[in-house]
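Keep in mind that this is a model prediction, so the values were computed, not measured. Both counts, for ligands and for their atoms, begin at 1 and track the order of listing.
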Amino acid sequence: MSSSEGTQQKVDTTRLQAIARGYTEAAVLYTALDISLFSHVHNGASSEAALVKLTGLRPLDIDRLVTCCLSMGLLLWDAGKLVNSRDVDTFLVEGSTKFAGPWMTFTRQDVPGWFDMTAKMRSPRASLLGMYDDLTVESAKKYHEATASIGFGAARRFVKLVDLNGRRHLLDLGGGSGAYSITAVKKFQGLKATVLDLPPVVVATQDYIKQENVQERVTTIGADFTKGDFPSPVDVVVMASNLPIYGSDVIADVVQRAFKALEPGGEMHLIGEMLDDDKCGPLDAAMWGMNELICGSLGRAHTRSDCVKYFEKAGFVDIEISDFVPNVLVRCTGWRP
Ligand SMILES: C[S@@+](CC[C@H](N)C(=O)[O-])C[C@H]1O[C@@H](n2cnc3c(N)ncnc32)[C@H](O)[C@@H]1O
């Protein structure tokens, strides 16, 4: 034993136990959302008795749930009254424009699959598009109710960070609800955008385009971005939040075809959950890579330097990589000379 090991604290099982029971926190959050717990608290239900009355549940179960939420820091005590923590009050109250409940339960249907991971690894079944093979208009609408509840916030962050003044045409690969395109054309005069996404998805995209009244400036193309040429010329390409769905060859090829579609001087922004180069985190990026096993695709988590390499190989210059949403999303940007 080295002298440094000798001075280390005695090892115990607490960290491992917390990991082994990590699923319990997700389940409590889902249940609190099911019964609108945080909305009730926001609207003034500041005691367990008030919550029992509003939900019709047993006092025993409300006590159990409130106790868990307090211990998780989702609820707090304020002078003897229950209140929501700041993030809960901002994002988990129904009816608020910032309500992100649909995103929080976005992967709930995958829970049984996560607990069947060993079997899935032993007899893997995967296709290039994974869960996207079976999309219908109805499932795409539901899916994008969730992505929109978080995507428009990310898009507002994007247009604050990236100056697209003078740009004329943005191509939004896998644009989903159209959050980035819609937000960008609203901010930058003279910019038009095309959302390219799978055929059932663009039906949902059109609902958001109409809702935001930007039909004149945002159009859609129903297509699979893993093949074919992209509309050209464009001067901006954005690809956001679909990186781990695909493996390296596919992403490198998409970046290459995006490069070809760009005018000289054009820019591409790849925004995704990227791993640090030593693969030691962020945990969220690693888990999105694993999510692709559960969803049956061939995707994986990519590191920051993987993404820089895809850009270099395509011919991009002045490549920059930076935190977009720290610990969640990274942005890789390059210019076509
Ligand atoms: C998590 S959503 C992100 C949507 C949007 N970019 C945003 O950030 O809000 C991923 C999107 O990628 C799209 N997508 C995945 N594979 C695709 C493919 N092969 N071709 C076109 N779109 C694809 C999905 O349909 C979905 O709309």
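Remark: among candidates Trp103, Tyr246, Tyr132, the nearest residue to atom 24 (C) of ligand 1 is Tyr132, based on non-hydrogen atoms.
Atom 2 (S) of ligand 1 has as its closest protein heavy atom Tyr143 OH, 3.5 Å. In terms of protein heavy-atom proximity, atom 1 (C) of ligand 1 is nearest to Ser241 O, 3.1 Å. Annotation: atom 9 (O) of ligand 1 to nearest protein heavy atom, Gly151 CA, 4.0 Å. For atom 22 (N) of ligand 1, the closest non-hydrogen atom of the protein is Asp197 OD1, 3.2 Å. Looking only at heavy atoms of the protein, atom 20 (N) of ligand 1 is closest to Phe225 N, 2.8 Å.
With a 4.0 Å heavy-atom cut-off, ligand 1 is reached by the side chain of Val201 but not by its N, CA, C or O. The proximity of Ala223 to ligand 1, defined as any non-hydrogen pair under 4.0 Å, is limited to the backbone.
Salt bridge annotation for Arg300-Glu292: absent, with no cationic side-chain nitrogen under 4.0 angstrom from a carboxylate oxygen. Ionic pairing of Glu267 and Arg167 is present here: one or more N-O contacts between side-chain nitrogen and carboxylate oxygen are shorter than 4.0 angstrom. At a threshold of 4.0 Å, the pair Arg58-Asp61 counts as salt-bridged, since one of the basic side-chain nitrogens sits closer than that to a carboxylate oxygen. Look at Glu263 and Arg168 and you find a salt bridge, because one of the NZ, NE, NH1 or NH2 atoms lies within 4.0 Å of a carboxylate O, short of that distance. Between Asp89 and Arg86, no side-chain nitrogen of the basic residue sits less than 4.0 Å from a carboxylate oxygen of the acidic one, so the salt-bridge criterion is not met.
Looking at ligand 1, you'll find an N or O of Gly174 within less than 3.5 Å of one of its N or O atoms. Note: no N/O pair closer than 3.5 Å links Asp172 and ligand 1 by distance alone. Polar contact check, Ala240 against ligand 1: a nitrogen or oxygen pair lies under 3.5 Å apart. Close N/O approach between His144 and ligand 1 is found [any backbone or side-chain N/O within under 3.5 Å]. Inclusion of Asn242 in the set of residues having an N or O under 3.5 Å from an N or O of ligand 1 is warranted.
The stretch residues 127-149 participates, sequence neighbours left out, in these salt bridge (Lys or Arg N to Asp or Glu O under 4.0 Å) pairs: Lys141-Asp207. Within the structure, every pair that satisfies the salt bridge (Lys or Arg N to Asp or Glu O under 4.0 Å) test and touches residues 108-122, not counting sequence neighbours, is listed here: Asp34-Arg108.
Classification of the Tyr208-Phe152 ring pair by plane angle, with boundaries at 30° and 60°, yields tilted. Phe259 and Phe316 have perpendicular rings, their planes meeting at more than 60° on a 0 to 90° scale where under 30° would count as parallel.
Using a non-hydrogen distance threshold of 4.0 Å, Tyr180 registers as a contact of ligand 1.
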